[in-house]
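Handing you this structure, nothing more for now.
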2 protein chains.
Amino acid sequence: MTTEETARTGAEPQAEQEHDVFAQLCPSREMFAELADKWSLLILMSLSACGPQRFSELQRGVGGVSRKMLTQSLRNLERSGLVLRTVFPETPPRVVYDLRPLGRELAELVAPLGHWTERRARQMLAAREEFDAAHPEGSR
Amino acid sequence: MTTEETARTGAEPQAEQEHDVFAQLCPSREMFAELADKWSLLILMSLSACGPQRFSELQRGVGGVSRKMLTQSLRNLERSGLVLRTVFPETPPRVVYDLRPLGRELAELVAPLGHWTERRARQMLAAREEFDAAHPEGSR
DNA sequence: AGACCAGGTCTCTGATAGAGACCAAGCATG
DNA sequence: CATGCTTGGTCTCTATCAGAGACCTGGTCT
């Protein structure tokens, strides 16, 4: 029995599951919830693919991210120990972000997800068109 | 040179990148953006770990998901060809969701991400506490 | 004296997630 | 007969959140 199965098939109404992303109250779910969003994942992928980058490089690299969300996501990743933020006290200021070992581990799992999406995007778009054609609009 | 690198290091201001999740206007980014959210990923993981499930089983399985978000995410996954929805015209109705090959492929990439989070949650929480202690509140 | 740079923060507004009520069809119960 | 129960949703309302754009800091260049 795997982790999920023990945690989920059982009828025990235990509130404090220790290692179950499926359990609403589990710390791992909390972590999962804040890592599993597009900006955090793209940032990890960018740092993994292109190495250490400064704030503005990341902003250019991750197309469409706002300064606000970039700051927020980076702070989050830093706080959780995935990313290292280094400030060089020059003028104009220079701030460089890099993966820490924990972040590198995760990035290596996330990268395939990105590549898969790139490979399969066309196929998924085709499926969408087919679906939309089959379900004109006001069905169901 | 990998996909990301060709797409990003170049100075060419090409708007229509074909396979680049980093490009705001690329179709693969669009797909990535709607797959990379916690509910969709958890649903894929649940279907992958526990096999075909009906709506209410999924709702119980994926702790904390609202009927609204469950419907929305499932519809999305179905539309993109990742999930198959089967209605059995009984009463009360029975609707079963299962992975299609495309979805199974993706789920196999997503599962490790979930397990990693479960393994590392404790470590990340510790990092958070350390960070919060080092940055009392009104720093920066 | 302006203007510019990087790396942010602040404010305001439109989109979005979640809570909870409602619904339809058919069966079981009182 | 009227009620209540079931599943798989939808509808509405509100709290939260993401994005756009203005502003800030402070040192250097013109």
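Residue numbers begin at 1 in each chain, while the letters A, B, ... track the order of the sequences. Side chains included, hydrogens not; waters and symmetry mates left out as well; all remaining heavy atoms used. The model shown is predicted, which means the values in this text are computed figures rather than measured ones.
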Residues, nucleotides or ligands: over 12 heavy atoms within 6.0 Å of A:Glu90 CD
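Above 12, so yes.
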
Enclosure of A:Arg119 CZ (heavy-atom neighbours >12, cutoff 6.0 Å)
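Count over threshold, so yes.
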
Check the distance between C:dG8's C1' and A:Leu58's CG and give it to me in whole angstrom.
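About 14 Å, once rounded to whole Å.
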
Should A:Arg79 and B:Asp132 count as an ion pair when the cut-off is N to O under 4.0 Å?
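Salt bridge: yes.
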
Ion pair present between B:Arg120 and A:Glu105, side-chain N to carboxylate O less than 4.0 angstrom?
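Looking at B:Arg120 and A:Glu105, the cut-off is met.
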
How many Å lie between CZ on B:Phe88 and P on D:dG9, as a whole number?
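Rounded to the whole Å, the gap is 13 Å.
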
Could you list all N or O pairs between the protein and nucleotides 13-19 of chain C that sit under 3.5 Å apart?
from   : atom 1 : to      : atom 2 : distance (Å)
C:dA17 : OP2    : B:Gln72 : OE1    : 3.4
C:dA17 : N7     : B:Lys68 : NZ     : 3.2
C:dG18 : OP2    : B:Trp39 : NE1    : 2.9
C:dG18 : N7     : B:Lys68 : NZ     : 3.0
C:dG18 : O6     : B:Lys68 : NZ     : 2.8

In whole Å, what is the span from the CG atom of A:Leu70 to the C1' atom of D:dC17?
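It is 17 Å, rounded to the nearest whole Å.
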
Do any N or O atoms from the side chain of B:Thr71 and from the backbone of B:Arg67 form a donor-acceptor pair under 3.5 angstrom?
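Present.
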
Check ion pair A:Arg128-B:Glu30 (N to O, under 4.0 angstrom)
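B:Glu30 and A:Arg128: salt-bridged.
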
Please tabulate the protein-to-nucleotide N/O contacts below 3.5 Å involving nucleotides 3-7 of chain C, giving atom names and distances.
from  : atom 1 : to      : atom 2 : distance (Å)
C:dA6 : O3'    : A:Arg54 : NH2    : 3.0
C:dA6 : O3'    : A:Pro93 : O      : 3.0
C:dG7 : OP1    : A:Arg54 : NE     : 3.2
C:dG7 : OP1    : A:Arg54 : NH2    : 3.4
C:dG7 : OP1    : A:Val95 : N      : 2.9
C:dG7 : OP2    : A:Ser56 : N      : 3.2
C:dG7 : OP2    : A:Ser56 : OG     : 2.8

A:Arg54/A:Asp98 ion pair, N-O < 4.0 Å
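No, this pair does not count.
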
For the pair made of CG in B:Leu74 and P in D:dT7, what is the distance, rounded to whole Å?
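Computing the B:Leu74:CG to D:dT7:P distance gives 17 Å.
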
Residues A:Asp20, A:Arg29: salt bridge by 4.0 Å N-O rule:
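Salt bridge absent between A:Asp20 and A:Arg29.
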
Taking atom C1' of D:dT10 as reference, at what distance in whole Å does atom CD of B:Gln59 sit?
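Going from B:Gln59 (CD) to D:dT10 (C1'), I get 14 Å.
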
